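Contents: one structure, followed by commentary.
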Amino acid sequence: VQLQASGGGLVQAGGSLRLSCAASGILFSGNDMGWYRQAPGNQRELVAASSRSGSTNYVDSVKGRFTISRDAAKNTVYLQMNSLKPEDTAVYYCNAGGSVYSSGYFPSRYWGQGTQVTVSS
């Protein structure tokens, strides 16, 4: 399984970015997915998760601003990030094949390499 994350960059506060995670060796359509982020000095935290049945979970700090979605034809999962804030600055990682539960997500061992998002004030 290989996950390739892309789409990060430098953006001003209030701007938008769309992250992509393309997969090989695993079909997103049959699996739960998650996006995590890790800021310097912080633990990796779940940002958003999407179940194979269509349910989604978001950390409170991004609700209403971020949207997780998937394109089965491209075997790609996206994270649309709007109204970005400096505190969203982090390396973002995708995870595939974990398990969505109530309000969270148990990650699998399959991680993308991370993509840097930097939001300037």
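Keep in mind that this is a model prediction, so the values were computed, not measured.
Looking at heavy atoms from C-beta onward, Thr67 lies out of side-chain contact with Leu79 at the 4.5 angstrom threshold. Between Thr115 and Val91 there is no side-chain heavy-atom pair separated by less than 4.5 Å. When side chains are defined from C-beta on, Ser55 counts as touching Val100, because their heavy atoms get closer than 4.5 Å. Tyr105 has its side chain out of reach of Ser99: every pair of non-hydrogen atoms, C-beta onward, lies at least 4.5 Å apart. Between Asn82 and Leu84 there is no side-chain heavy-atom pair separated by less than 4.5 Å.
Remark: side-chain polar atoms of Asn57 are not paired, donor with acceptor, to backbone N or O of Ala48 under 3.5 angstrom. Within the 3.5 Å criterion, the main-chain N or O of Arg52 finds a donor-acceptor partner in the side chain of Asp32. With hydrogens and angles disregarded, no donor-acceptor distance shorter than 3.5 Å links the side chain of Asn95 to the backbone of Gly34. Distance alone, capped at 3.5 Å, is enough to place a donor-acceptor pair between the Ser108 side chain and the Ala96 backbone. With hydrogens and angles disregarded, no donor-acceptor distance shorter than 3.5 Å links the side chain of Ser61 to the backbone of Val59.
Atoms CZ and CD, on Arg37 and Glu87 in that order, are 8.0 Å from each other to the nearest 0.5 Å. Taking CG of Leu3 as the reference point, atom SG of Cys94 lies at 4.5 Å (rounded to 0.5 Å). Put simply, CD on Gln80 and CD1 on Ile68 are 12.5 Å apart, with the number rounded to the nearest 0.5 Å. With rounding to the nearest 0.5 Å, the separation of CE in Met81 from OH in Tyr92 is 5.0 Å. Of the inter-residue distances, the one linking Ser121 atom OG with Lys85 atom NZ reads 14.0 Å to the nearest 0.5 angstrom. Taking CE of Met33 as the start and OG of Ser50 as the end, the distance is 8.0 Å to the nearest 0.5 Å.
In the hydrophobic clustering, where aliphatic and aromatic side chains (Ile, Leu, Val, Met, Phe, Trp, Tyr) are joined below 4.5 Å either directly or transitively, Tyr101 groups with Phe106. Leu27 shares a hydrophobic cluster with no other residue; no ILVMFWY side chain has heavy atoms under 4.5 Å from its own.
Between Asp60 and Lys63 there is a salt bridge, since at least one side-chain N of the basic residue sits less than 4.0 Å from a carboxylate O of the acidic one.
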Inset, instruction - Would you check, one step at a time, whether the test side chain to side chain contact (heavy atoms under 4.5 Å, CB included) holds for Gln38 with Gln43? - result: CA-CA 6 Å; Gln38 187 169 19; Gln43 290 187 335; 5.5 Å; no
Inset, instruction - Would you sort out whether Cys21 and Tyr78 count as a side chain to side chain contact (heavy atoms under 4.5 Å, CB included), showing the intermediate values? - result: CA-CA 6 Å; Cys21 179; Tyr78 302 99; over 6 Å; no
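Hydrophobic clustering, with ILVMFWY side chains joined whenever heavy atoms are under 4.5 angstrom apart, keeps Trp111 apart from Val47. The hydrophobic cluster containing Leu46 does not contain Leu19, counting ILVMFWY residues as joined when their side-chain heavy atoms lie under 4.5 angstrom apart, directly or transitively.
For Val117 against Gly8, the heavy-atom pair with the smallest separation is CG2-CA, 4.1 Å. Across Ala39 and Ala90, no two heavy atoms sit closer than the pair N-CB, 3.8 Å. Val1 and Ile26 make their closest contact through CG1-CG2, 3.7 Å (heavy atoms, listed as atom of the first residue, atom of the second, distance). Contact detail for Pro107 and Tyr36: the closest heavy-atom pair is CD-OH, 3.3 Å.
Defined by atom type and a distance below 3.5 Å, a donor-acceptor pair is missing between the side-chain atoms of Arg70 and Ser29. Side chains of Gln116 and Thr118: a donor on one and an acceptor on the other come within 3.5 Å.
Under a cut-off of 6.0 angstrom, the local environment of CD in Gln2 is sparse, with at most 12 non-hydrogen atoms contributed by other residues, nucleotides or ligands.
For the pair Arg44 and Tyr93, the cation sits on the ring face: its NZ or CZ lies under 6.0 Å from the ring centre, inside 45° of the axis.
Here the two rings, on Trp35 and Phe66, have centers that are 6.0 Å apart or farther.
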